[in-house]
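Values reported hereafter were calculated over all heavy atoms of this structure, with side chains retained and with hydrogens, waters and symmetry mates removed. One-based numbering along the sequence shown.
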Amino acid sequence: RNEYAFGQILRRIDADERFAEADRRFISRLLGILSHNRVGERAEELDMVDENGEFVKLSDFEGQRVLLLVVDTTCPSCIDMMQSVEHNNTIMRAAQYQELTLAVVAMGQRPESIAEFAKSNAERGWRTFCTGRGNLEEAYYDLDASPMLLLIGADGTVEVEMTRNVEAIGEILKENI
């Protein structure tokens, strides 16, 4: 329902030179995901950074099914979304049996700023990444269109487009488990 508004905000950030180049590149990739990644299409490449500063690409997960959650760590609805995922028995069972990788991307954060977030997430089964440099919290705080989920199949194709519907993802996973 909010894909259009989310896309408009991302486009404004992408064009704003006040944001770090790394963040603008990440935003460009997210815009590509919103506009090009449709069910059945190959997921577009997405570059991320882990809490140790190591670069990771979405394609590094090929061969694994990935549930990608894009959040702002200061956004209450984003944290609620993580909890909703964690309360979905089908999703968590798939992750527990290594049929699904849970990945969360903290927008506008640096590796050092997500260390505690990543540690807490790892204990609950999440891999945590960030965009690298910059600070987009003001642009993303309380944004009605975030958080967003994307389910990518083991073959690298999109199974569920950007959504906020945890139950729909659980149902798709249930069909395939």
Side-chain angles (χ1 to χ4, degrees), residues 1-3 6 26 29-52 54-107 109 111 114-132 140 143-177:
R1 126 182 118 81
N2 294 310
E3 183 177 321
F6 189 57
F26 185 82
R29 300 311 302 156
L30 266 176
L31 283 168
I33 285 173
L34 280 173
S35 61
H36 300 8
N37 284 1
R38 298 296 182 212
V39 172
E41 292 181 0
R42 183 155 184 78
E44 289 197 26
E45 189 60 82
L46 186 61
D47 298 320
M48 305 172 284
V49 182
D50 70 14
E51 72 273 14
N52 300 314
E54 299 294 322
F55 286 91
V56 178
K57 294 179 180 268
L58 189 57
S59 61
D60 293 343
F61 294 99
E62 196 154 322
Q64 304 169 48
R65 208 175 206 176
V66 177
L67 179 61
L68 183 70
L69 173 59
V70 179
V71 301
D72 174 346
T73 59
T74 65
C75 167
S77 64
C78 294
I79 303 307
D80 288 347
M81 176 67 75
M82 283 186 80
Q83 292 172 349
S84 293
V85 168
E86 292 169 7
H87 287 106
N88 186 294
N89 292 331
T90 303
I91 293 173
M92 295 312 289
R93 188 171 48 250
Q96 178 183 3
Y97 291 107
Q98 300 178 349
E99 297 170 356
L100 178 70
T101 298
L102 301 174
V104 61
V105 178
M107 293 296 299
Q109 299 291 310
I114 64 164
E116 285 301 312
F117 184 61
K119 182 179 177 186
S120 168
N121 293 342
E123 294 168 359
R124 297 187 327 274
W126 292 89
R127 299 271 318 266
T128 303
F129 304 98
C130 63
T131 58
Y140 281 88
L143 175 64
D144 192 35
S146 70
M148 296 299 278
L149 291 162
L150 178 71
L151 181 63
I152 302 165
D155 63 355
T157 60
V158 176
E159 292 185 44
V160 177
E161 298 171 11
M162 290 292 234
T163 184
R164 296 174 81 175
N165 190 339
V166 174
E167 293 77 25
I169 291 172
E171 290 302 313
I172 287 175
L173 291 172
K174 191 181 291 184
E175 293 171 10
N176 298 306
I177 293 180

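In this structure, the side chain of N165 engages the main chain of E167 through a donor-acceptor pair within 3.5 Å.
Q96 is linked by a side chain to side chain contact (heavy atoms under 4.5 Å, CB included) to nothing, counting only residues two or more places apart in sequence or in another chain. Every residue meeting the salt bridge (Lys or Arg N to Asp or Glu O under 4.0 Å) condition with K57, not counting sequence neighbours, appears here in chain and number order: D47. Under the rule for a salt bridge (Lys or Arg N to Asp or Glu O under 4.0 Å), E116 has no partner lying at least two apart in sequence or in another chain. Residues that satisfy the side chain to side chain contact (heavy atoms under 4.5 Å, CB included) test with A95, not counting sequence neighbours, are L102. In this structure D155 satisfies the side chain to side chain contact (heavy atoms under 4.5 Å, CB included) test together with T157, sequence neighbours excluded. Under the side chain to side chain donor-acceptor pair (under 3.5 Å) criterion, S84 pairs with no residue, sequence neighbours left out.
The side-chain heavy atoms of W126 and M82, taken from C-beta on, include a pair separated by under 4.5 Å. In this structure the side chain of L173 reaches within 4.5 angstrom of the side chain of I91, judged on heavy atoms. You'll find the side chain of D50 stays beyond 4.5 Å of the side chain of T128, heavy atoms only. Considering only heavy atoms from C-beta on, L150 stays 4.5 Å or farther from V160 through its side chain. Annotation: side chain of V56 is in contact with side chain of F129 (closest heavy-atom distance under 4.5 Å). You'll find the side chain of R93 stays beyond 4.5 Å of the side chain of E99, heavy atoms only. The shortest side-chain heavy-atom distance between T163 and I169 falls under the 4.5 Å cut-off. Counting only heavy atoms from C-beta outward, the side chains of M148 and L69 never approach each other to under 4.5 Å.
Between E86 and R124 there is a salt bridge, since at least one side-chain N of the basic residue sits less than 4.0 Å from a carboxylate O of the acidic one. Contact check on K119 versus E51 returns no salt bridge, with no Lys/Arg side-chain nitrogen under 4.0 Å from an Asp/Glu carboxylate oxygen.
What you find for T101 and R127 is that their closest heavy atoms are CG2-CG, 4.1 Å. Nearest heavy-atom pair across D60 and Q64 is O-NE2, 4.4 Å. Of all non-hydrogen atoms in I79 and T73, the two that sit nearest each other are CD1-O, 4.1 Å. The two residues C130 and P111 come nearest to each other via the heavy atoms SG-N, 3.5 Å. For the residue pair G170 and T90, the shortest heavy atom distance occurs at O-CG2, 3.3 Å. Pairing each heavy atom of M81 with each of V166, the nearest pair is SD-CG2, 3.3 Å.
The distance from the CE atom of M92 to the CG atom of L67 is 10.0 Å, given to the nearest 0.5 Å.
Of the listed residues (L68, V66, V39, L100), just one forms a side-chain contact (heavy atoms from CB on, under 4.5 Å) with L151, and that residue is L100.
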